[in-house]
2 protein chains.
Amino acid sequence: MRKSADEARRTRDRIVGTAVLQASTEGLSGLTIGTLAESLGMSKAGVVGPFGSRSELQRATLLRAMDMFTEAVVTPSLAAPPGLPRLRSLIDSWCAYLADSPFPNGCFVTAASCELDGRPGELRTHLRDAVTRWRTFLHDQIATAQSAGDIPTTLTPDALVTTLTGIAMSANQEIQLLADPTAADRARTLMHALISAFSDKAEH
Amino acid sequence: MRKSADEARRTRDRIVGTAVLQASTEGLSGLTIGTLAESLGMSKAGVVGPFGSRSELQRATLLRAMDMFTEAVVTPSLAAPPGLPRLRSLIDSWCAYLADSPFPNGCFVTAASCELDGRPGELRTHLRDAVTRWRTFLHDQIATAQSAGDIPTTLTPDALVTTLTGIAMSANQEIQLLADPTAADRARTLMHALISAFSDKAEH
DNA sequence: TAATTTAGCGAACGATCGTACGGTAAACGA
DNA sequence: TCGTTTACCGTACGATCGTTCGCTAAATTA
C-alpha cells in the first residue's frame with residue numbers, strides 16, 4: 001500500500017471528485033459518507049478522515065464544484081480582451097458548459113443556490129460570495145462593453161446580468177428537466193441577440 | 001377526540017400544508033416523517049397513515065406546492081382576456097409571487113426542478129408535466145398577443161418563454177440567496193420591457 | 001536500521017430514518 | 001343501542017446516518 005504524502009493528496013482529490021458527482025444528483029444534503037465510501041471502494045473512516053467531518057467534506061465539495069464552473073466558463077474567456085469580446089466568449093463557454101456539463105445533472109451552482117438559499121450557514125455564505133463574484137464579473141464585462149460603445153445601453157448592466165443569468169437557468173431547466181436537446185443552442189443565440197438587439201435601433 | 005370523516009380530511013390538509021413548509025427549506029428529499037410529526041404535534045404513524053408511505057406524502061406535497069403556484073400566478077390572470085392583457089397580468093402576479101412567496105424559501109417549483117431533474121421517478125414526471133403545462137400556457141399567451149399584433153414578433157414565443165422564465169428564476173436567486181429587496185420590482189419592469197421593447201423599432 | 005508519523009481499515013457507538021403492528025377511543029351504520 | 005369502522009397513538013423493528021475508536025502497515029525521519 002502506498003502512503004506517501006502526495007498519494008494522500010491524490011486520495012483527497014479523488015474523494016472530492018466523487019463527492020461532486022454524488023452531490024450533483026443527490027444534493028449537498030444528500031451527500032452521505034456511506035454511499036460515498038462504497039462508490040470509492042473505501043471505508044467510511046477513510047473517506048471522512050482527510051476532512052475531519054462531513055461538514056468539511058461538504059465545504060470542500062462545494063468549493064470544488066464552484067472551481068469547476070469557473071474553470072469551464074470564466075477561465076477560457078480571460079484569453080479575450082475585457083468588454084464585448086470577453087462577453088461573447090463568456091456566452092459561448094457558458095452555453096457549452098450548460099450543454100455538456102462537467103456535472104451529471106446540470107449546473108451545480110444553480111442547484112446549490114436553490115438548495116442552500118434558505119439555510120444560513122457557512123455553505124450558504126460561500127455560495128453567496130461566489131455567485132456575487134460571478135455576477136460582478138459579468139456586470140463588469142457589460143459595463144466595459146457599454147462604455148466602449150460596443151453594445152447599446154438600453155438595458156442597464158444589472159438588467160442584462162439578470163437576463164443573461166436567467167436565460168442560463170431557464171436553459172438548464174430545459175436541458176435537465178425537459179430533456180430539450182436544442183436548449184443550449186437556442187440560449188446561446190438568444191444571449192447574443194439580447195446584448196446587441198437594441199443596437200439596430202441605435203444604428204438608425 | 002374528534003374522528004369525523006371531514007376532520008380526517010382537514011388533518012390530511014394540515015399535514016400537507018406543514019410538509020410544504022418543511023420541504024421548501026429542506027427539499028422534498030429532506031422531508032422526514034419524524035420532524036414533520038414533531039412540528040405537527042402528532043405521532044409518526046399518524047402523519048404517514050393518511051398517505052400510506054413517505055413517497056405518497058412527498059407526492060401530495062409536490063402536488064400541493066404546484067397548486068399553490070397556479071393559484072398565486074395563473075388563476076388571477078384568468079380574469080384578463082387571453083393575449084397581451086393576460087400576459088401583463090401574469091407578469092404582475094408572477095413577480096408578486098416571487099416577492100411575497102407562499103413558501104418560506106422562494107419558488108418551490110424552481111427548487112424542486114433543480115432537486116428532481118436528475119432523479120427519474122414519479123415525482124420528476126409530475127413536475128415535468130406541470131412545468132410543461134405552465135410553459136405552454138405562457139407560450140400561448142405570447143403567441144396570441146403576437147397574432148393580435150399587440151407585441152412584436154422579433155423574439156419567437158419560445159425565446160420569450162425562455163427569457164421570462166429565466167428572469168423569474170434569476171430574480172428568485174437575487175431575492176432568496178442574495179437578499180436583494182429590489183429584485184422583484186426590477187424583474188417586473190424588465191419583463192414588461194422585454195415583451196414590448198422591440199416595438200420601439202417597429203414604430204419608427 | 002530503528003523510531004516516528006500517518007493513511008486508511010474495521011468495528012462499534014448512539015441517533016434517526018421509514019415502516020409495521022396492535023391498541024384505544026371516537027364516529028358511524030344498523 | 002350495539003357492532004363496525006377508522007383516525008391516531010405508542011412501540012418496536014431493521015437499516016443507515018455521522019462519528020469515534022484502536023489497529024495495521026507503509027512512508028518518513030533520525
Side-chain angles (χ1 to χ4, degrees), chain A residues 1-64 115-116 119 121-123, chain B residues 1-62 64 115-116 119 121-124:
Chain A
M1 199 179 293
R2 307 289 172 74
K3 299 285 183 61
S4 69
D6 71 324
E7 192 76 14
R9 191 184 52 79
R10 209 167 312 174
T11 299
R12 213 188 113 108
D13 280 358
R14 200 168 59 97
I15 295 172
V16 177
T18 308
V20 166
L21 297 183
Q22 178 170 335
S24 175
T25 60
E26 308 292 337
L28 276 167
S29 62
L31 185 65
T32 66
I33 296 173
T35 60
L36 186 56
E38 191 176 12
S39 58
L40 281 164
M42 295 175 62
S43 68
K44 295 204 294 177
V47 166
V48 81
F51 305 93
S53 71
R54 179 182 176 246
S55 305
E56 286 302 307
L57 174 58
Q58 284 178 316
R59 202 173 73 95
T61 303
L62 177 60
L63 292 178
R64 166 72 69 88
E115 183 181 358
L116 299 175
R119 305 193 208 176
E122 200 181 358
L123 285 182
Chain B
M1 198 181 292
R2 308 288 173 75
K3 297 287 181 59
S4 69
D6 71 323
E7 192 75 16
R9 190 184 52 81
R10 209 168 311 176
T11 299
R12 215 189 112 108
D13 279 358
R14 201 168 58 99
I15 295 172
V16 176
T18 308
V20 166
L21 298 183
Q22 178 171 335
S24 175
T25 61
E26 307 291 340
L28 276 168
S29 62
L31 184 65
T32 65
I33 297 174
T35 60
L36 187 55
E38 191 176 14
S39 58
L40 280 164
M42 295 174 62
S43 69
K44 293 204 296 177
V47 166
V48 81
F51 304 94
S53 71
R54 179 182 176 247
S55 305
E56 286 303 307
L57 174 58
Q58 283 178 316
R59 200 173 74 95
T61 303
L62 177 59
R64 167 72 69 88
E115 183 181 358
L116 299 175
R119 304 193 209 177
E122 201 181 358
L123 284 181
R124 203 194 101 117

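Each chain gets a letter, A, B and so on, in the order its sequence line appears, and its residues count up from 1.
- OP1 or OP2 of C:dG8 sits under 4.0 Å from a side-chain N or O of A:T11.
- Between the CD1 atom in B:I15 and the CZ atom in B:R10 there is a gap of 13.5 Å [rounded to 0.5 Å].
- Separating the CG atom of B:L36 from the P atom of D:dC8 is a distance of 13 Å, rounded to the nearest angstrom.
- Between the side chain of B:R119 and the backbone N or O of B:R124 there is no donor-acceptor pair closer than 3.5 Å.
- As rounded to whole Å, 7 Å separates atom P of C:dG8 from atom CD1 of A:I15.
- Rounded to whole angstrom, the span from the CD atom of B:E56 across to the C1' atom of C:dT19 amounts to 15 Å.
- Of the residues in residues 39-52 of chain B, those lying under 4.0 Å from DNA chain C by heavy-atom distance are B:K44, B:A45.
- Taken from OG1 in B:T32 to CD in B:E26, the straight-line distance is 8.0 Å, to the nearest 0.5 Å.
- One atom, CZ of A:R10, and another, P of C:dG8, lie 11 Å apart when rounded to the nearest Å.
- Atoms CG and CG, on B:L57 and B:L62 in that order, are 11.5 Å from each other to the nearest 0.5 Å.
- Judged purely by atom type and a 3.5 angstrom limit, A:E56 has no side-chain atom pairing as donor or acceptor with the backbone of A:F51.
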May I have the list of side-chain donor-acceptor pairs in residues 38-48 of chain A shorter than 3.5 Å, sequence neighbours left out?
| residue | atom | partner | partner atom | Å |
| --- | --- | --- | --- | --- |
| A:S39 | OG | A:T35 | O | 3.2 |
| A:S39 | OG | A:L36 | O | 3.1 |
| A:S43 | OG | A:G46 | N | 3.1 |

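- For B:R54 and C:dT19, the CZ to P distance is 8 Å, given to the nearest whole Å.
- In this structure, CZ on A:R59 lies 13.0 Å from CG on A:L28, to the nearest 0.5 angstrom.
- Straight-line distance from the CZ atom of A:R12 to the C1' atom of C:dG8: 15 Å, rounded to whole Å.
- Put simply, CG on A:L57 is 14 Å from C1' on D:dC17, counting in whole angstrom units.
- A:S24 places no side-chain N or O within donor-acceptor distance of the main-chain N or O of A:V20, the cut-off being under 3.5 Å.
- Listed by residue number, the members of residues 22-34 of chain A with any heavy atom below 4.0 angstrom from DNA chain D are A:L31, A:T32, A:I33, A:G34.
- Taking atom CD of A:E38 as the reference point, atom P of D:dT16 lies 9 Å away to the nearest angstrom.
- Side chain of A:E115 to main chain of A:S29: a donor-acceptor pair is present (N/O by atom type, distance under 3.5 Å, no hydrogens or angles).
- For D:dT16, the OP1/OP2 oxygens have no side-chain nitrogen or oxygen of A:T35 closer than 4.0 Å.
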